[in-house]
Amino acid sequence: LKPTDDIELSFRNLEKELGPDQTKILAQTVKDYLENEVGEKNVIIYGSNSVKQYLEDIARRLGGTLDEDSDPNAYLIKIGDEVKWQWRKPGDVDAFIKTDNPNDLQRIAQDLADRMNKAIGTDRFEAEGNLVIDKITGEHVVDLHMMNESSDNFNLYARGSTGADLGMGL
């Protein structure tokens with residue numbers, strides 16, 4: 001999904017610690033930066049709510065519903081009361097950036113960490129290569145990829161993608 005106002009981002013694990021208001025500020029900060037500073041034509045985002053929007057569409061096409069409340073760790077597509085599909089909820093934001101220069105990812109990660117810290121008045125976030133890390137938990141909250149770099153095998157949402165199949169032409 002492009003980083004426009006049509007999508008919502010969230011940080012599942014951070015929301016438990018910081019609350020919904022702070023995480024909404026962080027999500028808007030990340031989205032605004034990627035849309036306005038990096039450029040919406042140069043970014044594809046995967047995050048928990050962008051995944052949720054895809055799953056809502058799949059559920060609707062199957063004649064079912066998306067249950068996001070029954071399992072705190074998974075989205076469930078149900079037809080009636082029967083679970084047809086279970087999908088692990090992501091906790092971070094993955095973004096493909098249209099660049100061939102890994103230094104761009106490091107710069108963007110640093111900019112994002114700085115802006116996220118400033119947005120909620122903390123020093124909790126730091127850049128580590130192409131990641132924005134939560135220093136308190138050690139977990140990454142933003143993971144940046146070049147368009148020709150496959151996401152790691154632990155990322156079910158963008159596994160094996162090169163960005164081109166996600167709508168990022170060369």
Side-chain angles (χ1 to χ4, degrees), residues 1-18 20 22-58 68 75 87-120 122 124-170:
L1 297 174
K2 298 292 184 184
T4 63
D5 286 331
D6 297 343
I7 67 166
E8 299 173 26
L9 301 178
S10 70
F11 305 96
R12 182 170 44 115
N13 296 334
L14 277 179
E15 191 165 328
K16 293 173 188 172
E17 292 185 38
L18 298 175
Q22 294 284 64
T23 54
K24 283 180 185 173
I25 292 168
L26 289 174
Q28 191 64 45
T29 300
V30 169
K31 191 167 73 166
D32 288 348
Y33 177 80
L34 292 175
E35 181 179 3
N36 299 319
E37 302 296 324
V38 178
E40 68 178 84
K41 293 179 182 174
N42 297 320
V43 179
I44 299 285
I45 293 178
Y46 284 84
S48 50
N49 279 339
S50 57
V51 169
K52 185 178 86 173
Q53 288 167 306
Y54 281 127
L55 294 176
E56 286 171 341
D57 183 56
I58 291 168
E68 54 188 282
Y75 293 116
W87 199 272
R88 181 184 60 84
K89 290 180 180 176
D92 67 341
V93 171
D94 279 87
F96 282 86
I97 309 295
K98 189 174 184 178
T99 182
D100 291 326
N101 186 348
N103 293 328
D104 290 343
L105 301 184
Q106 294 170 6
R107 178 187 51 79
I108 292 168
Q110 186 62 59
D111 286 350
L112 279 172
D114 293 344
R115 288 171 191 238
M116 290 168 72
N117 284 328
K118 184 177 179 184
I120 64 168
T122 187
R124 176 177 192 137
F125 305 102
E126 68 181 354
E128 188 176 290
N130 64 318
L131 304 172
V132 176
I133 305 287
D134 178 344
K135 293 191 289 189
I136 294 172
T137 65
E139 294 181 8
H140 64 271
V141 292
V142 179
D143 188 354
L144 303 171
H145 304 274
M146 292 186 294
M147 60 184 258
N148 63 350
E149 166 200 6
S150 292
S151 186
D152 64 39
N153 287 328
F154 298 108
N155 184 334
L156 188 58
Y157 308 102
R159 182 182 349 197
S161 174
T162 61
D165 57 321
L166 304 173
M168 295 182 82
L170 297 175

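These figures come from a predicted structure and were not determined experimentally.
The two residues Ala109 and Leu131 have their closest heavy-atom pair at CB-O, 3.7 Å. Counting all heavy atoms, side chain and backbone alike, Asn42 lies closest to Val38 at ND2-O, 3.3 Å. Nearest heavy atom pair, residue Leu14 against residue Val141, reads CD1-CG1, 3.6 Å.
To the nearest 0.5 Å, the span separating CD on Glu128 from CD on Gln110 amounts to 11.5 Å. Once rounded to the nearest 0.5 Å, the distance linking CG of Leu105 with CE of Met146 reads 6.0 Å. With rounding to the nearest 0.5 Å, the separation of CD1 in Ile108 from CD1 in Ile97 is 4.5 Å. Taking CG of Asp114 as the start and NZ of Lys118 as the end, the distance is 10.0 Å to the nearest 0.5 Å. Put simply, CG on Leu26 and OG1 on Thr122 are 9.0 Å apart, with the number rounded to the nearest 0.5 Å.
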Decide yes or no on side-chain contact (heavy atoms from CB on, under 4.5 Å) for Val43 and Lys31, but give the supporting numbers first. CA-CA 10 Å; Val43 179; Lys31 191 167 73 166; over 6 Å; no
Test log, rule side-chain contact (heavy atoms from CB on, under 4.5 Å), inputs Asn130 and Asp143: CA-CA 6 Å; Asn130 64 318; Asp143 188 354; 3.4 Å; yes
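Under the 4.5 Å side-chain criterion, counting only non-hydrogen atoms from C-beta, Glu17 is in contact with Thr137. Using a 4.5 Å heavy-atom threshold, the side chains of Arg124 and Leu18 count as touching. Using a 4.5 Å heavy-atom threshold, the side chains of Thr99 and Arg107 count as separate. Taking the side chain as every heavy atom from C-beta outward, Val132 and Met116 approach each other to under 4.5 Å. Between Phe125 and Leu112, every side-chain heavy-atom pair lies at or beyond the 4.5 Å cut-off.
Applying the 6.0 Å contact sphere to NZ of Lys135 captures more than 12 heavy atoms from other residues, nucleotides or ligands.
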